[in-house]
Undergrad: 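My structure is below; once you've seen it, I'll send some questions.
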Amino acid sequence: MSILNRMIYPLLMLVATVAARSLFEEQGDSLREDTFRKLAAVLYKRGDKAENRLTRKYLYNSNVTCNDGTSAGYYIRRNSESRRWVIFLEGGWYCYDKTSCEARWLRLRTLMSSDRWPEVKTVGGILSSDSAENPHFAEANHVLVPYCSSDSWSGTAKKSAGQKFAFLGAEIVNEVVKELFSWEQLGAGRELYLAGSSAGGTGVLVNLDPIADLVKLLGSPMRVRGIVDSGWFLDNDPFSSTSKPSNSPSQTVSVGAHMWRARVPDSCAQSFPGEEWKCFFGYRIYPTMKTPVFVFQWQFDEAQMTVDNVGAPVTQAQWNFIHHQGRNIRQTFESVTAVFAPSCISHTVITKPDWTKVTVDGITLPDAIQCWVTQTQPGEAEIPDEDDFDRSYMAQKYIAQSRGGSHTHMNDYIRPMLADSPQDSFKRINSNLVKSIDRYQTNSMGERNKKLRHKSNIIDNRTNKRNKKRNKKHRKRCKYGNTLQNRIRCAKEENAEHMKHELHQYMQDEGRIERNNRDLVKSIDKNNNSGQEKKRRRRRRKRQRSVNDNRKLTKEERRQLRREERRRLKKALKNKNKKENTMRQGRRLRLRHQKRPLGSAKSFSQLSETFPKKKHSLSVRSIRAGSSAKCQLKHVDVCSWPQCNRSCPKLHNPLTGEEMDFLELLESFGLDMKSVAHALGIDIATLNNMDKDVLLHLLTSQTSSVN
């Protein structure tokens with residue numbers, strides 16, 4: 001369906017444009033004034049808002065390309081106040097040999113080239129910034145990586161004389177992460193979620209562990225996890241049909257993996273030596289994965305039915321085949337820790353606006369993902385606090401650069417800094433490289449207000465040559481010798497010493513900040529004490545004035561004032577004693593009405609039970625934190641027939657395109673309507689006139705009661 005939508009949508013837009021142009025030409029200025037305002041309101045309601053748009057970025061590394069050799073890239077929407085990142089891999093099937101790739105180039109060129117990528121894109125679901133549509137990930141940093149490699153994000157094959165197309169999906173994912181470290185401070189993040197739909201979901205499975213290792217190698221202690229949407233496929237035999245023979249999924253993937261030069265995790269490749277293509281199927285690669293992953297999968301996935309040659313189910317034989325398929329896929333979820341599997345016929349969901357409506361046992365999909373996010377998985381460290389995270393980030397960076405072999409990787413990207421701290425060092429860029437970059441490079445927020453991102457740090461080639469000659473005379477000699485290996489050894493030691501000094505300086509700055517904070521607290525306390533001192537001085541002056549006034553009074557008048565003062569103090573003491581007696585009597589009455597008297601308590605626990613416990617009010621945060629430990633991670637529909645979940649998307653007739661009648665759907669299952677009516681205790685006429693939602697509710701309740 002997604003492929004059909006991509007083909008129909010441009011045609012509908014073209015027809016609508018021509019119709020609108022002809023209407024405007026015929027009516028002239030007779031269009032209503034609020035026409036465009038209403039159109040804008042409809043687009044806004046649809047979700048095409050400025051804050052929902054992602055900005056296009058091409059990769060600086062021109063060697064990492066799409067199938068046709070055009071530059072690969074990504075779309076991004078930054079939120080500098082958030083340290084949560086979502087990188088989404090787009091789906092779109094794959095091609096596996098010369099014939100299928102040529103056909104894909106003719107029909108789906110946008111999935112093999114970046115020539116027609118728009119400057120901005122709007123994507124819903126988990127990539128939306130609307131909290132109503134995306135309740136838990138709306139404030140995250142969102143990155144969309146368009147699919148243009150046709151290799152399920154696994155290829156490393158470049159274009160050659162005998163190969164027309166390049167397949168560099170795995171290289172694209174790695175390069176996107178590296179550039180996000182360099183330009184967007186990804187290294188300062190705390191959480192990274194690699195998500196994907198369809199072929200992108202399969203790409204998450206084969207790239208999640210390598211990306212987690214890459215993030216750690218680049219020096220960031222952030223937590224990495226994966227979210228797979230409709231990428232959990234089976235390599236079973238296809239549906240038997242003499243009219244339309246087809247290859248099995250295992251055959252096409254094995255041929256394609258060889259052409260793509262697919263790269264899979266080492267742990268999976270060691271489990272299937274010589275059969276690395278098996279790592280593209282979720283139930284085979286999952287036991288070898290080290291990084292936590294959340295799996296969403298329709299039990300009756302349309303893409304699975306397509307590759308199984310069953311198509312849209314119409315006959316009873318087709319329904320029997322997909323019924324068997326649903327049972328098989330439920331069995332593969334037995335070893336999965338976090339899974340959400342509705343019993344529906346559909347494909348992909350997490351980038352659709354109505355993904356919040358999909359439920360299993362009353363739990364929505366976003367809430368199930370949030371439950372998984374809040375729980376620490378086995379073998380995974382908890383997310384540290386902000387200050388601890390910053391110190392850990394600097395320490396790991398120092399360790400990564402001081403180790404042998406890893407310092408070269410660290411120098412491949414600009415040092416990532418915290419989102420709220422100034423960058424005190426930049427990479428110097430060669431002027432010839434800058435000239436090849438777009439002169440008006442947009443930033444992550446879509447603004448085009450700067451020319452040449454590193455203009456102030458550019459050094460001309462001739463200046464570089466002069467500086468090299470000038471510095472060659474004053475170059476510091478290596479104490480081990482003048483050979484290349486000795487100079488490299490000296491450079492490593494000097495770099496390690498520099499990083500040690502930088503970490504020491506960072507710790508000194510942290511200590512200076514803490515001392516400043518202590519001084520600030522002391523000054524605040526001093527100000528508070530000074531306020532109390534002012535009050536004491538004010539009372540002292542008042543008493544002094546009263547004494548001076550008394551000196552002017554006669555002896556009898558002063559005696560009268562002292563009597564009144566004694567009466568006032570006596571009355572205040574009497575009121576205080578009366579209040580204490582009242583409170584004491586109240587406590588005695590409460591103890592007297594307790595079920596167990598105080599004297600019968602023999603231990604401290606029994607004594608504490610005699611006193612009424614104070615009821616503490618819980619905040620929203622504490623309720624969520626308390627409930628996250630109790631929420632379940634596995635949500636799988638147990639009903640065995642398709643569309644038994646009331647939140648399933650509506651089915652459409654493959655021939656007419658209209659929504660299928662529910663009774664027609666039941667008949668296609670091979671059910672006898674008279675037997676269904678008898679089982680429900682109604683007659684056939686009532687069954688035919690019954691609302692489909694009511695009928696579905698009755699059937700699901702009957703199924704649950706039987707189970």
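The first residue of the sequence shown is numbered 1, and numbering continues consecutively from there. Side chains included, hydrogens not; waters and symmetry mates left out as well; all remaining heavy atoms used.
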Undergrad: Report, as yes or no, whether the 6.0 Å neighbourhood of atom CD on E102 holds more than 12 heavy atoms from other residues, nucleotides or ligands.
TA: yes
Undergrad: Report the C-alpha distance between D237 and S248 in whole Å, list the side-chain angles of each, state the deciding distance to 0.1 Å, and finish with yes or no for side chain to side chain donor-acceptor pair (under 3.5 Å).
TA: CA-CA 6 Å; D237 295 329; S248 64; 5.5 Å; no
Undergrad: Between H347 and S198, is the side chain to side chain donor-acceptor pair (under 3.5 Å) condition met? List the steps.
TA: CA-CA 8 Å; H347 186 59; S198 191; 3.0 Å; yes
Undergrad: Rounded to the nearest 0.5 Å, what's the gap from NE2 on H136 to OG1 on T356? Could you check?
TA: 10.0 Å
Undergrad: Does a side-chain N-to-carboxylate-O contact under 4.0 Å join E276 and R263?
TA: no
Undergrad: Are K159 and D68 within salt-bridge range, i.e. N to O under 4.0 Å?
TA: no
Undergrad: Specify whether W260 and F167 have parallel, tilted or perpendicular ring planes, treating 30° as the upper limit for parallel and 60° as the lower limit for perpendicular.
TA: tilted
Undergrad: Would you say R261 has more than 12 foreign heavy atoms packed within less than 6.0 Å of its CZ?
TA: no
Undergrad: Quick one: do the N328 and Y283 side chains pair a donor with an acceptor below 3.5 Å?
TA: no
Undergrad: Go through the structure and list residues passing side-chain hydrogen bond (donor to acceptor under 3.5 Å, both in side chains) with S346, not counting sequence neighbours.
TA: none
Undergrad: Pairing donors with acceptors under 3.5 angstrom, does anything connect the side chains of D229 and S197?
TA: yes
Undergrad: When you look at T359 and L365, which way does the side-chain contact (heavy atoms from CB on, under 4.5 Å) test go after all the steps?
TA: CA-CA 6 Å; T359 62; L365 175 58; over 6 Å; no
Undergrad: For D151 and S154, which I'm curious about, is there any donor-acceptor pair between the side chains at under 3.5 Å?
TA: no
Undergrad: Strictly by ring-ring contact (aromatic ring centres under 6.0 Å, His included), give each pair with a member in residues 193-214 just once, sequence neighbours left out.
TA: F137-Y193
Undergrad: Take the angle between the ring planes of W232 and F333 and call it parallel below 30°, perpendicular above 60°, tilted in between.
TA: tilted
Undergrad: Would you check, one step at a time, whether the test side chain to side chain donor-acceptor pair (under 3.5 Å) holds for H142 with N79?
TA: CA-CA 8 Å; H142 295 124; N79 180 10; over 6 Å; no
Undergrad: Measure from NZ or CZ of K278 to the centre of the six-membered ring of F272, then state whether that distance is under 6.0 Å and the direction lies within 45° of the axis.
TA: no
Undergrad: Drop me the distance from T348's OG1 to F296's CZ, to the nearest 0.5 angstrom.
TA: 8.5 Å
Undergrad: In terms of side-chain geometry, is the basic nitrogen of R78 or E184 positioned less than 4.0 Å from the acidic oxygen of its partner?
TA: yes
Undergrad: Output the distance between atom CG (D209) and atom OG1 (T288), rounded to the nearest 0.5 Å.
TA: 7.0 Å
Undergrad: Would you please test F181 and W183 for ring pair (Phe, Tyr, Trp, His ring centres under 6.0 Å) and show each step?
TA: CA-CA 6 Å; F181 264 82; W183 303 106; over 10 Å; no
Undergrad: Quick one, D130 with N52, criterion side chain to side chain donor-acceptor pair (under 3.5 Å). Give me CA distance, side-chain angles, the key distance, then yes/no.
TA: CA-CA 7 Å; D130 186 1; N52 277 345; 5.7 Å; no
Undergrad: So, E90 and K121, do they make that salt bridge, N to O below 4.0 Å?
TA: yes
Undergrad: Supply the atom-to-atom distance R77 CZ to L127 CG, rounded to the nearest 0.5 angstrom.
TA: 7.0 Å
Undergrad: Hey, what do you get for OG1 (T291) to CG (L208), rounding to the nearest 0.5 Å?
TA: 4.5 Å
Undergrad: With rounding to the nearest 0.5 angstrom, report the CD to OG distance, Q304 to S230.
TA: 11.0 Å
Undergrad: Should N67 and S113 count as side-chain neighbours, where that means a heavy-atom distance under 4.5 Å?
TA: no
Undergrad: Side chains of T70 and D115: do they bring a donor and an acceptor to under 3.5 Å?
TA: no
Undergrad: Is atom NZ of K164 surrounded by more than 12 heavy atoms (other residues, nucleotides or ligands) closer than 6.0 Å?
TA: yes
Undergrad: Under 6.0 Å from the six-membered ring centre of W372 and within 45° of its axis: does the NZ or CZ of R225 meet both?
TA: yes
Undergrad: Might you confirm whether atom CG of D266 has over 12 heavy atoms from other residues, nucleotides or ligands at distances under 6.0 Å?
TA: no
